[in-house]
Amino acid sequence: MARPEVMPLGGSQRERVRARLRSEHTVCRACGGVDLVIGDALFLGFVFHSEPTDAYMIGLTCANPSCPARYTGIRLRAREFLDR
Amino acid sequence: MDVYGFPAWLRVEHWINALFITLMVRSGIEILATHPKLYGRDDSRPGSEWARFTRKTMPKDKLYDTLDEEESYSPIISLPGHRNLGMGRHWHFFVAIGWVLAGVTYVALLFATGQWRRYIPTSWGILPQAWHDLLTYLSFRLPPHLPGEPFDALQKLAYALVIFVLAPVAILSGLAQSPAVDARFPWFLRLWGGRQRVRSLHFFVLLAFLAFTAVHLLMLAVWGWGRENSLMIFGHGDAPVGGLWVSLVIIAAIIGVNIAVTVWSLRRPRMVQRVLGAVVMALRRALLRPATSHQHYPKAAVAAQHRVNGKPPDSDTYKIMAVHDFAPWRLTVGGLVENPVVLTLEDLRALNTRQSQCVLHHCIQGWSSVGEWTGLPLRDLLDLVRPLPEARYICFLTMQDNGRDEPSAPGEGHFYEIIDLELAHHPQTLLAYEMNGEPLPIEHGAPLRLRLENQLGFKMAKWIHDIEFLSDYRLVGDGMGGWREDNVHFDMEVGI
Ligand SMILES: [Zn+2]
């Protein structure tokens, strides 16, 4: 059963996230791996009071099977990955 | 000649009652302040209130919860004031016990002594007489007393209504707001038209007592304050000057008691919680704990929007868990058990029992909502972990850090609540991972929350990540049985 709060990303949105990861040289914080699989997006702006109203969390999963903490994420604003 | 007189027991009851009513009204207003809105429907949908006693407006672009909607009233009108629901509840229930005992004694004595005749009319002829009396009052004259009786017909009817209708309605409409009573006897709640209608009615009872008191005092002044008080203090009307002065002393004493308990509650809330709680909790455990929830609301009753009390964990760890649909989340179950376990959400879902229940949620603040909850009955988790013989309590630790997540709640630290093991065996005690047929939403406690259908909402910990079996609840936190008990002086046993 899909969690309604979690939004799947389209191809172009995924590309923008990937470009962002590349430009920031984002690596897995647990193992240093560079192969991060881009997952879904969670809108943070409404439910979490500390977040800007257009904030999202994008799920990232480290592709290294021996990584001690494979699940991670990156916080982006709507304009940084959503289609205009 | 008045054949009934004012016997000593009646006079004592009158003044005790006067004190109790002031405490009940003020603590009732404190309880109203925590959710100063009244509804006609049980979903308490925001904006659907028919009355509001607050000017606060809520944001549209951010989640707000019912703690943000709370009002802080002055101690002049509420006991103890300054947003102290926990203290207000302790006083309301403690005094209610005394008030009911005094009331039962009073009514028993009325019937034992034949004094009931002073209030209960024995002929329909009283109605035209009362109407005539009303017209007499409205023309600023005083009607005659009934022959051989202390009152005129209108007075007699007014007292009969207050004693034999208003007071029982006050008690029963209070009981009908108990989650334990409503869970065990859903028909009783339906009798009153639902949870929010009976809450509204309870408010009208408050207004009726205020109106009665105002008219009562006015009439005393009209008939002669000194003489009337002489009757109620000395049992005869022959000492109006003494009646005047002693009545002022008694009124000062009633105000003095109100001030004393207000100051005590504001300065030493923990002591009030312990002292009053000992009485109130013992009675609740005895009377309300046996009430087992047998609720099966139709799915059509499910609220489109279920209010929330408490905000979700505002941490990166939690947000990353959520975006991965809680795949990284683990539930640790340990403490005094034979078989401690660590479970994933998948493990929980795969356990062979899965139970759904469509039930009425009662918030301690007074709002309600109907929802359908699905998950693992807690008794099945007990079967899996096998509590040791010395385990008597279960502590639910959550990912919510109140200092960080809940600006509207005073106090710091991670939210937790403790229940006793017996409650875990109730058939509708559930660890819910779904709500209304979908994964449990973040604001309602994702990925796992507790459902206790004969208790108030705050006991049903949300965002649970750890369950510990304990021998004594006093070992945790400030030792009062939960975060709300520790920090805002709520009571641990909340069947009402
Ligand atoms: Zn890694």
Side-chain angles (χ1 to χ4, degrees), chain A residues 1-10 13-14 17-18 20-21 26-31 33 36-82, chain B residues 58-65 67-68 308 310-330 344-346 348-350 354 374-375 399-409 433-448 462-463:
Chain A
M1 197 188 312
R3 175 166 285 278
E5 294 139 329
V6 170
M7 176 181 86
L9 294 184
Q13 295 163 351
R14 210 170 281 272
V17 176
R18 195 175 308 286
R20 172 85 178 213
L21 294 177
T26 306
V27 296
C28 172
R29 257 175 294 179
C31 73
L36 294 169
V37 179
I38 297 166
D40 300 330
L42 173 71
F43 180 46
L44 306 176
F46 181 73
V47 173
F48 298 99
H49 70 92
S50 73
E51 298 284 353
T53 50
D54 62 344
Y56 285 79
M57 180 66 79
I58 316 293
L60 301 172
T61 310
C62 178
N64 172 9
S66 56
C67 176
R70 296 181 62 199
Y71 295 105
T72 175
I74 178 174
R75 183 185 278 95
L76 294 179
R77 309 291 282 266
R79 63 177 181 277
E80 295 173 310
F81 74 103
L82 286 182
Chain B
M58 292 295 124
K60 290 215 161 43
D61 58 346
K62 276 283 175 198
L63 176 74
Y64 66 87
D65 65 6
L67 294 169
D68 299 323
V308 292
K311 295 194 187 72
D314 201 348
S315 72
D316 281 0
T317 309
Y318 181 79
K319 291 165 197 169
I320 287 170
M321 275 185 197
V323 74
H324 289 286
D325 200 6
F326 295 97
W329 173 83
R330 294 292 179 273
T344 66
L345 194 52
E346 280 311 299
L348 274 177
R349 289 175 177 279
R354 184 183 149 87
T374 302
M399 298 180 273
Q400 186 197 35
D401 178 338
N402 267 271
R404 176 193 64 202
D405 303 332
E406 191 58 81
S408 292
Y433 44 69
E434 286 176 22
M435 176 188 184
N436 301 337
E438 297 205 316
L440 187 61
I442 288 172
E443 66 267 32
H444 289 289
L448 195 67
K462 296 180 266 193
W463 311 290

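Just so we're clear, the structure is a prediction, and the values are computed from it rather than from any experiment. The chains referred to below are lettered A, B, ... by the order of the sequence lines, with proteins before strands, and numbering in each begins at 1.
- The candidate with the highest count of non-hydrogen atom pairs below 4.5 Å against chain B, out of A:V6, A:L44, A:T61, A:T72, is A:T72.
- Minimum interatomic distance between A:F48 and B:P313 (heavy atoms only, all atoms of both residues): CE2-O, 3.1 Å.
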May I have the step-by-step check of side chain to side chain contact (heavy atoms under 4.5 Å, CB included) for A:E5 and B:E443, ending in yes or no? CA-CA 11 Å; A:E5 294 139 329; B:E443 66 267 32; 3.8 Å; yes
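- Under the salt bridge (charged side-chain N to carboxylate O under 4.0 Å, His left out) criterion, A:R70 pairs with no residue, sequence neighbours left out.
- To the nearest 0.5 angstrom, B:I442 atom CD1 is 6.0 Å from A:R3 atom CZ.
- Using a 4.5 Å cut-off between heavy atoms, A:V47 touches chain B through backbone and side chain atoms alike.
- For B:P441, the parts sitting under 4.5 Å from any heavy atom of chain A are the backbone and the side chain alike.
- Note on A:I58, A:L60, A:D40: by heavy-atom pairs under 4.5 Å with chain B, the leading option is A:L60.
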Could you give me the CA-CA distance, side-chain angles and deciding distance for B:K62 and A:E51, then say whether side chain to side chain contact (heavy atoms under 4.5 Å, CB included) is met? CA-CA 10 Å; B:K62 276 283 175 198; A:E51 298 284 353; 4.3 Å; yes
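- When each of A:M7, A:M57, A:H49, A:R75 is scored by its heavy-atom pairs under 4.5 Å with chain B, the top score falls to A:H49.
- Residue with the most contacts toward chain A among B:V308, B:T317, B:D61: B:D61 (heavy-atom pairs, distance under 4.5 Å).
- The NE2 atom of B:H324 sits 10.5 Å away from the CG atom of A:L42 when rounded to the nearest 0.5 Å.
- For A:E80, the side chain to side chain donor-acceptor pair (under 3.5 Å) test picks out A:R20, with sequence neighbours left out.
- At a 4.5 Å heavy-atom cutoff, the contact between A:A2 and chain B is made by backbone atoms alone.
- A donor-acceptor contact closer than 3.5 angstrom links the side chains of B:D314 and A:S50.
- Around CZ of A:R29, the count of heavy atoms belonging to other residues, nucleotides or ligands within 6.0 Å does not exceed 12.
- Neither the backbone nor the side chain of A:I74 comes within contact range of chain B, judged by heavy atoms closer than 4.5 Å.
- If you measure heavy-atom distances from B:F326 to chain A, the contacts under 4.5 Å come from the side chain alone.
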Check the pair A:Y56 / B:V323 against side chain to side chain contact (heavy atoms under 4.5 Å, CB included), numbers first and verdict last. CA-CA 9 Å; A:Y56 285 79; B:V323 74; over 6 Å; no
